[in-house]
Amino acid sequence: MEIIESVQEMQEKAEALRVAGHTIGLVPTMGFLHEGHLELMRVAKRLASRVVVSIFVNPSQFGPSEDFERYPRDREGDLEKAQSVGVDIVFLPTAPEMYPAGFQTRVQVLEVTQHLCGVSRPTHFDGVATVVMKLFHIARPHLAVFGQKDFQQLTVISRMAADLDMGIEIVGVPIVREPDGLAMSSRNKYLSREERIVARCLKKGLDLAQDLVRAGERDGAAVRRTVEALISGQPFTRIDYISLADPETLEEISVLQRDTLMALAVFVGNTRLIDNAVLEVRA
Ligand code: AMP
């Protein structure tokens, strides 16, 4: 496995791979890798002949009062894990390498960024779109793999790739969960033992919503209220949002008429967790 830290070297390597006829699959991450990330890498391996994983904690996607400084990092552990699933190249740039002095460009996806996490994290998706655009130009992938755990991020990147004719296939991978249902996340490390138990309530809320819909409930407000009661009944929780939305436009819906995204963002203690499911709605 090769480790590359410079943008230019990564571009030259990607170009050489392309000339040699390889297909390049890119998996962008912020590191502190877990089984969810590794699943993305396995999918990339199946679809591409060379897999590049980027590890970069991107400052521009964190808000001023968010956890950029204390975001967990584990370079050696990450390299071991990436190697264990057969990754070919790890791209590990520094912040000055990605954002040299004078940097002043921003990629903005307009509409799908306005809902869900975009409300409480207004600059987040500009940071994501900009860094992913850079990674696409650096690693020159034919396809890029993202997790459905960050459903809105996947939507934003798919929109950007289509709108700007990037010729990169965007592949989404289902959420990988802990045995008790909690969606895997690098941020789960922040949870105390008590908070970790409480954190199960996100998945329980999603399951409850699916049960209600299966039993015939179609009133979005009623579904939301029930999930809200379940989550706010748990200690340490503070709800950022509970949304029912169109899975394509991410616009909020009030009546469930077709398959509907339920997306949650909940603080457990100081840790903001997200989770989602597409609720099956039968006519
Ligand atoms: P992150 O390192 O948190 O920025 O995540 C990097 C990529 O891994 C993103 O595409 C995430 O959606 C994906 N990812 C993170 N956690 C999971 C999970 N539990 N299941 C599937 N994909 C995940």
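The figures here come from the full heavy-atom set of this structure, side chains too, leaving out hydrogens, waters and symmetry mates. Along the sequence shown, residues carry numbers from 1. Atoms within a ligand are numbered from 1 in the order they appear, just like the ligands themselves. The structure presented is a predicted model; accordingly, all values stated were derived computationally and were not measured.
Of all the listed residues (S54, G147, G172), G147 holds the heavy atom that lies closest to atom 10 (O) of ligand 1. Checking D150, L38, L154, V27 against atom 12 (O) of ligand 1, the nearest heavy atom belongs to D150.
At least one N/O-N/O distance between M184 and ligand 1 falls below 3.5 Å. An N or O contact shorter than 3.5 Å is missing between T29 and ligand 1 by distance.
Atom 23 (C) of ligand 1 has as its closest protein heavy atom K149 CB, 4.0 Å. Protein heavy atom nearest atom 20 (N) of ligand 1, with residue, atom name and distance: V176 N, 2.8 Å. Scanning the protein for heavy atoms near atom 4 (O) of ligand 1, the closest one is M30 CG, 3.6 Å. Closest to atom 5 (O) of ligand 1, if we only count protein heavy atoms, is H37 NE2, 3.4 Å. Ranking protein heavy atoms by distance to atom 15 (C) of ligand 1, first place goes to H34 CE1, 3.9 Å. Looking only at protein heavy atoms, the nearest one to atom 13 (C) of ligand 1 is L40 CD2, 3.6 Å. In terms of protein heavy-atom proximity, atom 9 (C) of ligand 1 is nearest to Q153 NE2, 3.7 Å.
Each of the atoms 20 (N), 21 (C) of ligand 1 lies under 4.0 Å from some heavy atom of I175. Atoms of ligand 1 lying under 4.0 Å from any heavy atom of F146, numbered from 1 in the order shown and given with element: 10 (O).
Considering L273, I231, N276, I239 in turn, I231 is the only one that fulfils the side-chain contact (heavy atoms from CB on, under 4.5 Å) rule with L264. For the side-chain contact (heavy atoms from CB on, under 4.5 Å) with Q152, the lone residue among V128, I274, I157, L116 that qualifies is L116.
Residues passing the ring pair (Phe, Tyr, Trp, His ring centres under 6.0 Å) test with F32, sequence neighbours excluded: none.
Sparse packing is recorded around CD of E111, with 12 or fewer heavy atoms of other residues, nucleotides or ligands lying under 6.0 Å away. Environment of CZ in R258: sparse, with no more than 12 heavy atoms of neighbouring residues, nucleotides or ligands closer than 6.0 Å. Heavy atoms of other residues, nucleotides or ligands lying less than 6.0 angstrom from CD of E80 number 12 at most. Sparse packing is recorded around CZ of R106, with 12 or fewer heavy atoms of other residues, nucleotides or ligands lying under 6.0 Å away.
The part of P28 lying near ligand 1 is the backbone, judged by heavy-atom distances below 4.0 Å. Using a 4.0 Å cut-off between heavy atoms, P174 contacts ligand 1 through its backbone alone, with no side-chain atom that close. At a heavy-atom distance under 4.0 Å, no atom of Q148 approaches ligand 1.
The pair E228-R225 does not meet the salt-bridge criterion, since no charged nitrogen lies less than 4.0 angstrom from a carboxylate oxygen.
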Step-by-step side chain to side chain donor-acceptor pair (under 3.5 Å) determination, Y241 to S120: CA-CA 9 Å; Y241 65 77; S120 54; over 6 Å; no

Pair R42-E35, salt bridge (charged side-chain N to carboxylate O under 4.0 Å, His left out): steps then yes or no: CA-CA 10 Å; R42 292 186 195 104; E35 196 52 39; 2.8 Å; yes

